[in-house]
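The figures here come from the full heavy-atom set of this structure, side chains too, leaving out hydrogens, waters and symmetry mates. First the proteins, then the strands, lettered A, B, ... as listed; each starts at 1.
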There are 2 protein chains.
Amino acid sequence: MSGTLVFLKKVTIQDIAEALNISFSTVARALNDHPAISPATKKRVREAARKMHYRPNKLASSLRSGKTHVVGVIVPNLHVSFFSSVVHGIDTVLNEHQYSLLLYQSNESLGQEVKGIDTFLRSRVDGIIASITRETSHYEHYDEIRKRHVPLILFDRVAESLRVPSVRIDDYKGGFMATEHLIAQGYTNIAHITAEQDLAIATERLRGYRDALIRHGLPVQEELICKGPFSADFGRACVASLLDRKVPFDALFALEDFTALGALQELLERGVRVPDEVGVIGFANESFGTLVTPGLSSVDQQTVRMGEIAAELFLGTVSGNTPASVMLDPILVPRASSLRIR
Amino acid sequence: MSGTLVFLKKVTIQDIAEALNISFSTVARALNDHPAISPATKKRVREAARKMHYRPNKLASSLRSGKTHVVGVIVPNLHVSFFSSVVHGIDTVLNEHQYSLLLYQSNESLGQEVKGIDTFLRSRVDGIIASITRETSHYEHYDEIRKRHVPLILFDRVAESLRVPSVRIDDYKGGFMATEHLIAQGYTNIAHITAEQDLAIATERLRGYRDALIRHGLPVQEELICKGPFSADFGRACVASLLDRKVPFDALFALEDFTALGALQELLERGVRVPDEVGVIGFANESFGTLVTPGLSSVDQQTVRMGEIAAELFLGTVSGNTPASVMLDPILVPRASSLRIR
DNA sequence: GTGAAAGCGCTAACAA
DNA sequence: TTGTTAGCGCTTTCAC
């Protein structure tokens, strides 16, 4: 199969130069397609390089040129599908532009975040794309990146005070769209599940919910707003509480899909028909949304696109621009759980 | 907030040496905690380094020392939760040992895989951890890694012919366990959904299914084996076909969870009670398994652990060992969909 | 069109 | 205990 293993010895432009009896700087120029080198020499050099299994040493060229063509990416946790999708998007675009991606997980720890940035700075990355840790409350470590003239791009979790190009989704608009969609389907008593902590994504979606109700002349009923932890269980608990207390409601918008799913299941198990009696919509467009019955309506966060844009923002700074921040529009994904008008 | 931005100029050990009026090699040794340097000088050097915002240049030290402390990781697609979990595991262990992770997605394309390896080799990574592309049929590019004495570790998708340390899950055992579990629950007419292509994961799980039946004295009924594409839809189609043709069966083992979920939904929609009339089990332990009703039984592939082991295998080669390959045991995760004995 | 030479910022062998 | 020196493999300026 793989035959005998003949180990390769390291070969440098020096070796090629010697083999061809020319100077090593000519070899370097030929390999870099320098215009001042004759086509004939270029051809000879390239053939020799191939035959000798030459592989340029990026360390040497980076050290000399000051460019590594490496971008550092910091995410809280790859295990979360939101972040792995964004990294996927970042990588796709970077790869098209010959950049490599150095990855670091902060695990929502400030200490890890600082360590990641330190590693990137030592590695002399050409740029850093990051999503800030929940724990982060001061930003000196991010400031240091800029002090070293390393382009910094933030996504999703953004620190306004850093005044750095960033990309995130418009959570307010998402909350507004979800609620407006329910209203358009004829629902009028719309409950909402939000977070108990003071999280931007939660408060923005809540604000969108309130404003959509107001815009359409519906009352904001505080007893229809459940506050709790992010979880399917809390979705169930909220629905159970509303039903038990006999609070009338005919639709529910949960701040994220897992919570919405819990709510949906509780409704079904208690014999409430969805979407006829109660409509349900979530947020994030998790992959299970198409798999449950009825299909769970949601709001798509364009995660891959977010990554692509983050990478494009970085490429923008490289070509000398100072790109503006991008606010992505969420996309409504209506499915059976909230469609009662055919 | 972030105050005035004072840009930092590059500072090297030379600068520290000049500031302290000592030789730059003393500075280097002090920073590397060399035993021959007096505690006093070490302290002076470190303080100066901190004050001057010194950050060692990894490029220079790597070029000189021949070690980059970077490991290249190639995965087919980060977007797939299986792979992002493995990368999470790899990163966790590497990080503990001060290695950085350079990421590359092959997107199931041989060309990309070759390009990724080329990039890694140019970057002089200290090792490569990879899962082979579906498209890959020859292995010269992997062979080149070894010819250059770069440690190579494979996970999940392994090429035996490369004779390289690897880690994967025992799919045969997983298929066996799933089937045996159904048998233990008293099911006797167990259907199986497998892939139409000739994929190792599918044929191994199928083999486990057959052997478990045989071991427990049950007949292998070919009409109970559906072959089709991986998808929830095919799960539905298989169940529909069995029911329509009135083929008697009282349990179903699908080669992966999405397919199992489709099957489960088709059963429920047709009024078949799960697990009382028919038991269902999938494979992969996808996160939605706990979210559906009834909870979907599955077989866990220990993805994070697989990544951790891959990283440990790499660390093993670094410390001079030639680690053996690891076959991970799958873990049975019984949930309501297949539990009818309480 | 090609060559010579300096230097990027470190590590490490050799001196003192 | 500290200093001197020689590279690692490239890029790039200046000659010719």
*asked:* If the threshold is 4.0 Å, N to carboxylate O, is there a salt bridge linking A:Asp118 and A:Lys115?
replied: no
_Side-chain ion pair, A:Glu308 and A:Arg305, N-O less than 4.0 Å_ = yes
Rounded distance (Å) that lies between atom [atom2] of [N] and atom [atom1] of [X]:
| X | N | atom1 | atom2 | result |
| --- | --- | --- | --- | --- |
| A:His69 | D:dC10 | NE2 | C1' | 15 Å |
| B:Ile22 | C:dA16 | CD1 | P | 21 Å |
| A:Lys67 | D:dT12 | NZ | P | 11 Å |
| A:Phe24 | D:dT13 | CZ | C1' | 13 Å |
| A:Asn57 | D:dG9 | CG | P | 7 Å |
| B:Ile13 | C:dC8 | CD1 | P | 12 Å |
| B:Arg64 | D:dC8 | CZ | P | 8 Å |
| A:Arg124 | C:dG9 | CZ | C1' | 9 Å |

[X] (side chain) donor-acceptor with [Y] (main chain) under 3.5 angstrom:
| X | Y | answer |
| --- | --- | --- |
| B:Asp15 | B:Thr12 | yes |
| A:Ser62 | A:Lys67 | yes |
| B:Ser319 | B:Gly316 | yes |
| B:Thr133 | B:Thr136 | no |

*Which residues within residues 40-55 of chain A lie with some heavy atom under 4.0 Å of an atom in DNA chain D?*
A:Tyr54
*Using heavy atoms and a sub-4.0 Å distance, could you list which residues of residues 28-37 of chain B are near DNA chain D? By number, please.*
B:Arg29, B:Ala36, B:Ile37
*Report the nucleotide, chosen from D:dT2, C:dA5, D:dG9, that has the shortest atom-to-atom distance to any side-chain atom of A:Leu63.*
D:dG9
_Nearest to the side chain of B:Ser38, heavy atoms from C-beta on, is which of D:dT2, C:dG9, C:dG1?_
D:dT2
_Residue pair A:Met306 / A:Val167: nearest heavy atoms and the distance that separates them_ = O-CG1, 3.7 Å
*Could you say whether A:Lys10 or B:Pro39 is positioned toward the 5' end of DNA chain D, judged by the nucleotide with the nearest heavy atom to each?*
B:Pro39
Which pairs of donor and acceptor atoms, one on a side chain in residues 123-131 of chain B, lie under 3.5 Å apart (sequence neighbours left out)?
{"residue": "B:Ser123", "atom": "OG", "partner": "B:Thr119", "partner atom": "O", "Å": "2.8"}
{"residue": "B:Arg124", "atom": "NH1", "partner": "A:Pro56", "partner atom": "O", "Å": "3.3"}
{"residue": "B:Arg124", "atom": "NH1", "partner": "B:Leu121", "partner atom": "O", "Å": "2.8"}
{"residue": "B:Arg124", "atom": "NH2", "partner": "A:Arg55", "partner atom": "O", "Å": "2.9"}
{"residue": "B:Asp126", "atom": "OD1", "partner": "B:Thr68", "partner atom": "N", "Å": "3.0"}
{"residue": "B:Asp126", "atom": "OD1", "partner": "B:Thr68", "partner atom": "OG1", "Å": "3.2"}
{"residue": "B:Asp126", "atom": "OD2", "partner": "B:Thr68", "partner atom": "N", "Å": "3.3"}
{"residue": "B:Asp126", "atom": "OD2", "partner": "B:His69", "partner atom": "N", "Å": "2.7"}
{"residue": "B:Ser131", "atom": "OG", "partner": "B:Phe155", "partner atom": "O", "Å": "2.9"}
{"residue": "B:Ser131", "atom": "OG", "partner": "B:Arg157", "partner atom": "N", "Å": "3.4"}

*Would you say a side-chain N or O of A:Ser65 is under 4.0 Å from OP1 or OP2 of D:dT11?*
no
*Quick one: is D:dT2 close enough that its OP1 or OP2 comes under 4.0 Å of any side-chain N or O from B:Thr26?*
no
*asked:* What I want to check is whether an N or O donor and acceptor connect the side chain of A:Ser61 with the base of D:dT11 at under 3.5 Å.
replied: no
*For A:Ser25, report the nucleic acid contact type (base, sugar-phosphate, nothing); a contact means any heavy atom under 4.0 Å.*
base
*asked:* Mind checking if A:Leu59 touches a base, just sugar-phosphate, or nothing, with heavy atoms under 4.0 Å?
replied: nothing
_Derivation and outcome, side-chain contact (heavy atoms from CB on, under 4.5 Å), residues A:Asn57 and B:Leu63_ = CA-CA 9 Å; A:Asn57 186 329; B:Leu63 177 60; 4.0 Å; yes
*So, B:Asn107 versus B:Gln112: side-chain donor-acceptor pair below 3.5 Å or not?*
no
